[in-house]
Colleague: 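Here you go, one structure.
One is the number of the first residue; the rest follow in order along the sequence. These values consider heavy atoms only, across backbone and side chains, with no hydrogens, waters or symmetry-generated copies.
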Amino acid sequence: KGWEFERSVREKAPAYFGRILRKTKVIPLERIAEILDEAEDRGKINEEERHELLNIDVVIKGEIRQTRKPVILAVEVSYQAFEDDIERALKRYKIFQKLFDEQVIPTVVSCEVKEEIEKLADNLSNSNPESMEGLKKIMWEGTNHWDTLLMERAESSGKLVLSDFT
């Protein structure tokens, strides 16, 4: 279910981030690789940092809806958020800052968030307001319908499994 959720976030990025971003575009991994190669050639990042960024789940370019400020979201997608997802997002954000003129915002998107992770997100967002303002909002963005969606998909899967063709 994790890979399916990640694919959904990538394919429906404007829907997931539309309440806070406009002009939402996923930057394809191939383009990220080109940017990283150029940055490594110019000495802005090293090989280890390049490899780290190639493992990012999604990179999104857009504008903050309210201010029209251009931003890049460095997105970690996880069905259930854990502390290491936030740590990875922060680590990758620090490297991405070297590459883009736009503000980079570390972002974690998940369906399930435990209380301690929510507290961690609160602490981080209070410690660096400019770069972290969207973290908590984005973690919950687009998940308000997941309870019904998961039940619908489970019902559909059950019908397919029990059909005459399986």
Side-chain angles (χ1 to χ4, degrees), residues 1-36 38-39 44 52-150 152-153:
K1 60 185 173 184
W3 288 106
E4 185 176 325
F5 181 55
E6 184 178 323
R7 185 176 58 240
S8 176
V9 170
R10 188 177 298 108
E11 290 174 359
K12 297 180 179 183
Y16 280 94
F17 301 99
R19 292 184 187 197
I20 60 165
L21 290 183
R22 55 191 304 269
K23 298 184 180 179
T24 304
K25 292 185 180 183
V26 173
I27 302 175
L29 186 58
E30 293 83 5
R31 178 63 187 130
I32 295 298
E34 291 171 1
I35 292 168
L36 297 176
E38 292 168 12
K44 285 186 163 186
E52 180 68 34
L53 293 184
L54 284 173
N55 287 301
I56 190 109
D57 293 331
V58 184
V59 180
I60 296 173
K61 186 173 187 168
E63 291 180 351
I64 299 291
R65 183 167 288 288
Q66 294 174 337
T67 64
R68 304 294 197 253
K69 181 179 181 177
V71 294
I72 301 288
L73 302 183
V75 184
E76 287 300 309
V77 180
S78 180
Y79 190 81
Q80 183 176 6
F82 292 98
E83 187 172 346
D84 62 329
D85 295 308
I86 294 174
E87 291 169 357
R88 252 191 327 274
L90 290 171
K91 180 179 182 180
R92 292 173 179 170
Y93 141 80
K94 289 175 183 175
I95 303 168
F96 267 118
Q97 285 187 111
K98 301 175 187 180
L99 308 178
F100 294 102
D101 294 330
E102 298 90 346
Q103 177 186 359
V104 178
I105 301 174
T107 307
V108 177
V109 177
S110 68
C111 290
E112 299 174 7
V113 180
K114 294 188 177 194
E115 187 176 337
E116 62 268 17
I117 301 303
E118 216 173 329
K119 287 178 183 176
L120 175 61
D122 280 337
N123 289 340
L124 289 171
S125 66
N126 290 330
S127 67
N128 189 346
E130 184 178 331
S131 65
M132 303 295 282
E133 70 185 35
L135 179 62
K136 188 174 177 184
K137 290 179 193 172
I138 292 170
M139 285 176 67
W140 288 98
E141 180 71 29
T143 63
N144 56 341
H145 70 292
W146 276 91
D147 288 341
T148 56
L149 181 64
L150 291 174
E152 289 170 6
R153 291 204 174 150

Colleague: Does the R65 side chain pair with the main chain of G18, one donor and one acceptor, at a distance under 3.5 Å?
Modeller: yes
Colleague: For the CD1 atom of I95 and the CD1 atom of I56, what is their distance to the nearest 0.5 Å?
Modeller: 9.0 Å
Colleague: So how far is it from I35 CD1 to I27 CD1, rounded to the nearest 0.5 Å?
Modeller: 5.5 Å
Colleague: Check D57, D84, D85 against S78 for a side chain to side chain donor-acceptor pair (under 3.5 Å) and give me the one that passes.
Modeller: D85
Colleague: How long is the straight-line distance from CZ of F17 back to CD1 of I60, given to the nearest 0.5 Å?
Modeller: 4.0 Å
Colleague: For the residue pair F5 and V77, what are the closest heavy atoms and their distance?
Modeller: CD2-CG1, 3.5 Å
Colleague: Would L99 and L36 count as a side-chain contact (heavy atoms from CB on, under 4.5 Å) if you check the C-alpha gap in whole Å, the side-chain angles of each, and the deciding distance to 0.1 Å?
Modeller: CA-CA 8 Å; L99 308 178; L36 297 176; 3.4 Å; yes
Colleague: How close do A89 and P106 get, heavy atom to heavy atom, and via which atoms?
Modeller: O-CB, 3.6 Å
Colleague: Any side-chain heavy atom of I64 sitting closer than 4.5 Å to one from L21?
Modeller: yes
Colleague: Let me confirm one number: the CD-NZ distance from Q97 to K94, rounded to the nearest 0.5 Å.
Modeller: 8.5 Å
Colleague: For the atom pair CD (E76) and OH (Y93), what is the distance rounded to the nearest 0.5 Å?
Modeller: 15.0 Å
Colleague: To the nearest 0.5 Å, how far apart are CG in L54 and CZ in R92?
Modeller: 9.5 Å
Colleague: Salt bridge (charged side-chain N to carboxylate O under 4.0 Å, His left out) with E102: which of K23, K69, K61?
Modeller: K61
Colleague: Salt bridge between K91 and E87, side-chain N to carboxylate O under 4.0 Å?
Modeller: no
Colleague: Is the count of non-hydrogen atoms from other residues, nucleotides or ligands lying under 6.0 Å from N55 atom CG greater than 12?
Modeller: yes
Colleague: If you draw a 6.0 Å radius around NZ in K25, do more than 12 non-hydrogen atoms from other residues or ligands fall strictly inside?
Modeller: no
Colleague: Hey, mind stepping through E38 and K44 against side-chain contact (heavy atoms from CB on, under 4.5 Å) and telling me if it holds?
Modeller: CA-CA 9 Å; E38 292 168 12; K44 285 186 163 186; over 6 Å; no
Colleague: Which heavy-atom pair separates A13 from V26 by the least distance, and what is that distance?
Modeller: CB-CG2, 3.6 Å
Colleague: Under 3.5 Å, is there a donor-acceptor pair between the side chain of R68 and the main chain of E63?
Modeller: no
